[in-house]
Amino acid sequence: MNIKEFAAYLDKLENTTKRLEITSILKDMISEMSTNEVDKGIYLSLGLLKAQFENPKFNIAEKMMVRVLEFAYKPGKERLAGLFADKGDLGDVALEVAGDTKGDGLSLTDVYNELIELAAIEGSGSQEKKVSKLSSLLIKMDKLSAKYVVRIVLGTTRLGFTELTVIDALNSLIQGDKLTKAKIEGKYNMHPDIGVIAKKIKDSGLKGLDEVVMEIGVPIEPQRCQRLSDPVEIIEKMGCVSAEFKFDGTRVQVHMDRNKPIKSTTSDQNSLFGDNEELKGASVFVKTYTRNLEDSTYQYPDIAEAAIVQLDAESVILDGEAVGYDKNTGDFLPFQEIMQRKRKHNVTEYALDIPLKYFAFDILMLNGKPLVNETLEKRREILSKIIKPGKVIELSRNFVTDKPEELSEFFEESKTKSLEGLVVKKPDAQYQAGARSFAWIKYKKADEALLDDTIDVVILGYYHGRGGRARFGMGGFLTAVYDKATDTFKTITKVGSGLTDEQFVSLRERLDKIKIDKKPAKADVDKFFDVNVWVAPKIVVEVGADELSKSANHTAGYALRFPRMIKIREDRRPEDATSLEEIKSIYKNQKRGSY
DNA sequence: TCTGGCTGCCC
DNA sequence: ATTCTGC
DNA sequence: GCAGAATGGGCAGCCAGA
């Protein structure tokens with residue numbers, strides 16, 4: 001398949017929102033691809049080069065892509081900026097400014113190989129090399145192909161489908177039914193590499209999937225939660241439940257195998273364990289993965305070590321949450337500080353300063369045997385038996401009940417510990433990899449009550465939207481609180497969630513009426529938050545959030561975590577917005593959990 | 001050698 | 001992370 | 001109700017340029 005034909009399929013996909021139609025187009029596309037290119041084609045259509053857990057990064061986003069388009073087509077920077085503001089998509093901008101080359105000389109595989117090379121460029125001078133390499137690739141193709149290649153590199157194909165719909169298409173390719181679909185989906189969740197799965201199916205149908213199995217070194221799609229805030233409703237939906245504390249940390253899937261050859265990871269593991277000669281020499285395969293299937297081993301030498309020392313097993317896959325704590329007081333640390341562990345250098349020293357606990361809450365494989373089809377109860381029992389006491393890994397405590405009042409009490413206990421709430425599970429359910437179903441429920445406080453006081457903020461300006469929000473001319477807006485002491489508005493958060501399409505349109509109309517040329521005189525804004533359109537500070541908006549955090553970027557010195565608009569406060573003047581003093585006092589009253 | 005801009009990825 | 005929307 | 005696509009704060013890493 002050449003790139004032009006490929007782009008034609010993507011264009012068909014873009015022009016419909018109907019799921020059945022998308023599936024059918026995908027099926028045709030897959031059917032027309034050769035076995036050798038089907039994996040590449042599918043990755044590209046999803047804005048990837050490989051499976052998520054081994055996908056190379058381009059390190060090219062908006063700013064770099066604007067440079068690429070300027071270099072390739074020379075439309076002028078102002079025209080580029082104008083088109084981007086208008087269309088909200090650099091692929092669409094490319095379509096507009098590209099010259100028309102015939103472009104049927106490039107195969108899908110040619111382009112794929114070029115992109116692999118592009119992603120591999122790094123080091124001094126790499127930005128210039130990337131700009132020039134991608135430009136020369138783009139000008140070799142027709143403008144529609146260029147449009148989609150731009151989107152692929154940006155990782156935002158905006159075609160209305162992901163891996164799950166591709167699975168549907170593959171199922172339809174083999175004329176399967178619900179059962180076969182469940183089988184493909186199950187395989188995908190145990191081995192989330194859609195390229196491999198497509199290739200096997202194309203090569204030898206459903207039978208080909210027999211070779212696709214759960215294995216150490218391939219992360220499993222983690223099970224996810226739905227959010228609810230009413231204990232009665234939770235019990236009604238689930239009956240008897242097993243509840244656990246929800247820690248404000250990061251999801252970590254641990255893979256450990258004492259017999260798996262380490263291959264190229266040897267040097268990684270040696271540096272991972274620093275001066276620990278005993279572990280350095282140990283030929284034990286250990287890796288950790290994030291919720292989004294990224295390899296995070298380098299962040300967690302302490303978890304890797306504990307997996308070797310504390311787990312009484314030959315091989316194992318665990319699911320759990322890593323939480324940092326203060327080594328002196330035992331208090332859990334804010335998420336911000338835990339994130340400082342997300343580093344490549346000096347992790348070992350950092351781990352001494354900010355130690356962490358790994359609360360294991362599930363076991364997915366033990367000694368080569370998948371356990372995902374056992375009940376949660378059974379899995380927890382097995383898990384409890386293989387964890388030996390130690391500094392890092394602990395079994396996540398649970399509480400079983402079928403009474404809303406008791407669930408509520410346990411929730412209150414989580415609040416006194418200042419945790420995020422509870423994760424509530426069905427004790428008799430299998431591990432539903434990839435599911436966002438109601439099998440696991442995240443029990444958090446109700447939206448408006450998350451902060452003790454509501455926050456009313458003043459709008460200072462807005463940003464042009466991307467993708468589908470381009471048509472509103474606004475994708476989000478910048479807001480501030482009022483500082484009485486200096487009579488200025490100090491920024492506290494951007495808001496881009498909680499508005500309906502209609503609200504976006506009407507709010508933008510209102511904002512355009514009070515548009516001004518430059519930053520309001522009374523506004524104190526870091527250049528980091530430069531808006532596209534400034535407005536007079538007049539409109540007050542009520543914003544919900546989960547908590548306040550310290551901020552180095554927002555001039556208020558604080559920021560909202562997970563902000564969303566609740567409603568416009570027609571009854572408030574800008575000076576009536578929440579004051580900086582109030583923000584400070586709300587922050588002070590927030591508590592931290594302890595270990 | 002330091003800093004700021006950009007990027008990717010955690011929540 | 002939260003939220004909205006088309007199917 | 002699912003699947004997808006908008007959007008938030010803020011962390012470290014990388015690279016360019018002062």
Side-chain angles (χ1 to χ4, degrees), chain A residues 16-23 52 55 57-67 88 122-130 154-165 168 224-227 247-252 290-294 296 298-299 321-322 334-347 350 420 435-438 442 444 447 450 463 465-472 474-479 492-504 527-529 543-554 558-566:
Chain A
T16 178
T17 53
K18 296 193 167 60
R19 308 211 48 77
L20 294 176
E21 215 171 308
I22 291 176
T23 310
Q52 192 74 249
N55 191 44
K57 319 295 173 214
F58 288 107
N59 288 305
I60 295 174
E62 278 175 7
K63 306 283 179 180
M64 280 285 281
M65 191 59 85
V66 168
R67 275 176 65 186
E122 60 177 11
S124 187
S126 60
Q127 294 193 352
E128 213 180 314
K129 279 185 213 157
K130 281 185 198 172
L154 293 172
T156 49
T157 46
R158 299 195 169 107
L159 296 174
F161 68 93
T162 66
E163 286 85 347
L164 297 173
T165 311
D168 254 337
R224 299 168 192 234
C225 297
Q226 289 273 344
R227 184 173 176 162
F247 299 98
D248 190 11
T250 48
R251 189 89 173 255
V252 177
T290 69
R291 198 189 69 161
N292 298 315
L293 310 177
E294 300 279 337
S296 61
Y298 62 89
Q299 291 176 49
E321 186 89 1
F335 179 73
Q336 275 170 269
E337 291 187 52
I338 298 163
M339 285 308 291
Q340 293 172 20
R341 285 287 286 263
K342 188 176 179 287
R343 56 175 64 217
K344 284 188 179 171
H345 309 303
N346 307 320
V347 194
Y350 212 85
E420 283 201 303
R436 289 188 236 169
S437 65
F438 276 95
K442 170 168 46 176
K444 275 192 171 186
D447 300 341
L450 290 168
Y463 301 90
R466 307 281 138 86
R469 291 221 182 138
R471 66 196 155 95
F472 307 142
M474 175 171 80
F477 50 86
L478 180 66
T479 74
I492 189 161
T493 191
K494 291 197 280 179
V495 180
S497 191
L499 293 86
T500 63
D501 290 2
E502 272 179 12
Q503 285 175 310
F504 268 110
K527 64 174 180 300
F528 190 75
F529 293 112
V543 178
D546 276 23
E547 62 177 2
L548 286 175
S549 59
K550 283 255 184 194
S551 174
N553 298 323
H554 282 292
Y558 301 89
L560 301 188
R561 192 180 189 198
F562 311 141
R564 53 262 192 185
M565 191 180 89
I566 305 296

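Each chain gets a letter, A, B and so on, in the order the sequences are listed, and its residues count up from 1.
Phosphate proximity of dG10(D) to Ser549(A): present, with a side-chain N or O under 4.0 Å from OP1 or OP2. Between Thr290(A) and dC9(B), a side-chain N or O to OP1/OP2 separation shorter than 4.0 Å is absent. Regarding contacts with the backbone of dA1(C), every side-chain N or O of Ser497(A) stays at 4.0 angstrom or more from both OP1 and OP2. Contact annotation: Gln340(A) side-chain N/O to dC11(D) OP1/OP2 distance is not under 4.0 Å. Taking only side-chain nitrogens and oxygens, Lys63(A) never comes nearer than 4.0 Å to OP1 or OP2 of dA16(D).
Looking at heavy atoms from C-beta onward, Glu122(A) lies out of side-chain contact with Asn59(A) at the 4.5 angstrom threshold.
Using a 4.0 Å heavy-atom cutoff across all strands shown, Ser124(A) reaches sugar-phosphate atoms only and no base atom. Lys550(A) comes within contact range of the sugar-phosphate backbone alone, with a heavy-atom separation under 4.0 Å but no base atom that close. Using a 4.0 Å heavy-atom distance criterion, Glu337(A) is classed as making no nucleic acid contact. Nucleic acid contact for Ser551(A): sugar-phosphate only, since backbone atoms but no base atoms lie under 4.0 Å from a heavy atom of the residue. Ile492(A) comes within 4.0 angstrom of no nucleic acid atom, judged by non-hydrogen atoms across all strands.
Place Phe529(A) and Thr162(A) on DNA chain D by their nearest nucleotides, and Thr162(A) ends up nearer the 5' end. Looking at which nucleotide of DNA chain D each of Gly125(A) and His554(A) is closest to, the 5′-most match is held by His554(A).
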For this session: Check the pair His554(A), Leu478(A) against side-chain contact (heavy atoms from CB on, under 4.5 Å), reporting the backbone distance first and the verdict last.
Result: CA-CA 10 Å; His554(A) 282 292; Leu478(A) 180 66; 4.2 Å; yes
